Amino acid sequence: MQKSPLHPFSATIMAWYAEHQRELPWRQTQDPYAIWLSEIILQQTRVAQGLPYFERLITAFPTVRDLAEAPEASLLRLWQGLGYYSRARNLQKAAQMVMRDFSGVFPQSYDEIIRLPGVGPYTAAAIASFAFDEAKAVVDGNVYRVLSRVFAVETDIASSAARGVFTSLAQSLIPMQDPATFNQAIMEFGALQCTPSPDCSDCPLRVSCAAFSEHRVAELPIKSKKTKVKEIEMDYLVIEQNGQLLVRERTEKGIWKGMWEFYLIEDACDWLPFQRQALKSPPVHLLSHRKIHCDAWYVQVPDNFELEIPEGYGWMSPSDFESKGKPVLLLNLITDNLDCPILQDISPTYL
DNA sequence: AAAGCGGGGAG
DNA sequence: CTCCCAGCTTT
């Protein structure tokens, strides 16, 4: 068996990685479950933001069986604040699929792993290489940036053709003898050295980087799309009666599916003829695709009044509501109004 | 092929 | 402010 020669690019970034890699918990293991969990958490999420979530989740659910058998609400509560909540729901669906279709043994090849819900080409390649040494090149935002610069690839990374172009290039560079380290190295290099606004002065690739020699580092990678932000209004009533709160789970399509909220004002509220006390609300809540304006009020309903409960809502104790996952907008509303006793009762012990 | 989906940190 | 993060799913 002939050993294919190591491409100079690959040799350089792997040597750089040996010197500069961060010590991260999911790099200390080859357990595919722990690696999978870390990769789902890190989708569109920085290491610093995902790290505490990984620690809490791997502690709460040490095995794929624990995750599969957990109440979905407890998982979403642990995911609270991390965003992209469909990741959490798909995570548990996949865990249940591992238990049912793979007898509890995590699938060991790219072609099987990518069938799990929430696992796409990037995540499947990451798990297959890190846990099983399969030579599948990862292509994420870091890889787009590094390869587009070093090899002056002008393909628009927002185009649908980009994945194929960069996957082919990365796959041609991955060394069969150590694909896992190469994949780790190219992403770590993108995260720490070849950043969006890099300092090229100490880069080990400056002599061979096409973008550097052509003074085009700032132009690459090329990305065309700009996200358009829609402004919306979301006004809430914190309605209390008998020490309970009127709340609901967001089940419709759209943002925050599976998360819980107070009464969202969508009509004139003629059914609630009581005085409202204004709450402090964050001026705007920014999502990547929404700019949410929020106003909120507190309403105390007399204990003996028979309220006509709106469709989809129900009464819940403060402690039960605290245990549900809530969007950060609601968490901010709660923590900004701790002078309101019932909101103090649902103040989160951690984000 | 394009849109939808969270939240936060860096510059 | 803008950009983008160890992207995937749905339309």
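Residue numbering restarts at 1 for every chain, and letters A, B, ... go by the order of the sequence lines. Computed from a predicted model, the values in this text were never measured in an experiment.
For A:Trp271 and A:Tyr313, the ring centers are positioned 6.0 Å apart or more.
Nucleotide C:dA6 holds its P atom 13 Å from the OH atom of A:Tyr84, rounded to whole Å. Rounded to whole Å, the distance from CD1 on A:Ile113 to C1' on C:dG7 is 16 Å. Between A:Ile222 atom CD1 and C:dC3 atom C1' the separation is 16 Å, expressed in whole Å.
Using a 4.0 Å heavy-atom cutoff across all strands shown, A:Val143 reaches no nucleic acid atom at all. If you check every strand for non-hydrogen atoms under 4.0 Å, A:Thr123 touches sugar and phosphate atoms only. Using a 4.0 Å heavy-atom cutoff across all strands shown, A:Val328 reaches sugar-phosphate atoms only and no base atom. Within 4.0 Å (heavy atoms only), A:Ser288 reaches at least one base atom of the nucleic acid. Looking at heavy-atom distances under 4.0 Å, A:Ile41 makes no contact with the nucleic acid at all. Within 4.0 Å of A:Thr45, counting heavy atoms only, lies at least one base atom of the nucleic acid. Contact annotation for A:Trp79: no contact, since no heavy-atom pair falls under 4.0 Å across all strands. Within the 4.0 angstrom heavy-atom criterion, only backbone atoms of the sugar-phosphate kind lie near A:Gly254; the bases stay farther away. When heavy atoms are screened at a 4.0 angstrom cut-off, A:Gly81 is found touching the sugar-phosphate backbone but no base atom.
Not one side-chain nitrogen or oxygen of A:Ser197 sits closer than 4.0 Å to the OP1 or OP2 atom of C:dC3. Close to C:dG7, at under 4.0 Å from its OP1 or OP2, lies no side-chain N or O of A:Gln43. Considering only side-chain N and O atoms, A:Lys228 lies nowhere under 4.0 angstrom from the phosphate OP1 or OP2 of B:dG4. A sub-4.0 Å separation between OP1 or OP2 of B:dG4 and a side-chain N or O of A:His289 is absent. Within the 4.0 Å cut-off from OP1 or OP2 of C:dC5, at least one side-chain nitrogen or oxygen of A:Arg145 is found. Phosphate contact (OP1/OP2 of B:dG7, side-chain N/O of A:Tyr85, threshold under 4.0 Å): present. An OP1 or OP2 oxygen of B:dC5 is reached within less than 4.0 angstrom by a side-chain nitrogen or oxygen of A:Arg290. Of the side-chain N and O atoms in A:Trp256, one or more sit less than 4.0 angstrom from OP1 or OP2 of B:dG7.
The number of heavy-atom neighbours closer than 6.0 Å to CD of A:Gln275, taken from other residues, nucleotides and ligands shown, is 12 or below.
Across the interface with DNA chain C, nearest-nucleotide mapping of A:Pro117 and A:Gln184 shows A:Gln184 to be the residue nearer the 5′ end. Heavy-atom nearest nucleotides on DNA chain B were determined for A:Gln49 and for A:Ser160, and the one closer to the 5' end corresponds to A:Ser160. Two residues, A:Lys253 and A:Gly190, neighbour DNA chain C, and the one matched to the more 5' nucleotide by heavy-atom proximity is A:Gly190.
A perpendicular orientation is assigned to the rings of A:Phe166 and A:Tyr144, their planes being inclined by more than 60° (bins at 30° and 60°).
B:dA3 and C:dA6: their P atoms are spaced 24 Å apart (whole Å). If you take atom P in C:dC8 and the same atom in B:dG8, they sit 22 Å apart, rounded to whole Å.
With hydrogens and angles left out, the side chain of A:Arg87 and the base of C:dC8 share no donor-acceptor pair within 3.5 Å. Checked by distance alone, A:Arg46 brings no side-chain donor or acceptor within 3.5 Å of a matching partner on the base of B:dA10.
Test A:Asp156, A:Val153, A:Val139, A:Leu147 against A:Val165 for side chain to side chain contact (heavy atoms under 4.5 Å, CB included) and you get one pass: A:Val153. Exactly one of A:Tyr33, A:Phe132, A:Trp36 qualifies for a ring-ring contact (aromatic ring centres under 6.0 Å, His included) with A:Phe106. That residue is A:Trp36.
Applying the salt bridge (Lys or Arg N to Asp or Glu O under 4.0 Å) test to A:Arg27 and every residue at least two apart in sequence or in another chain returns A:Glu188.
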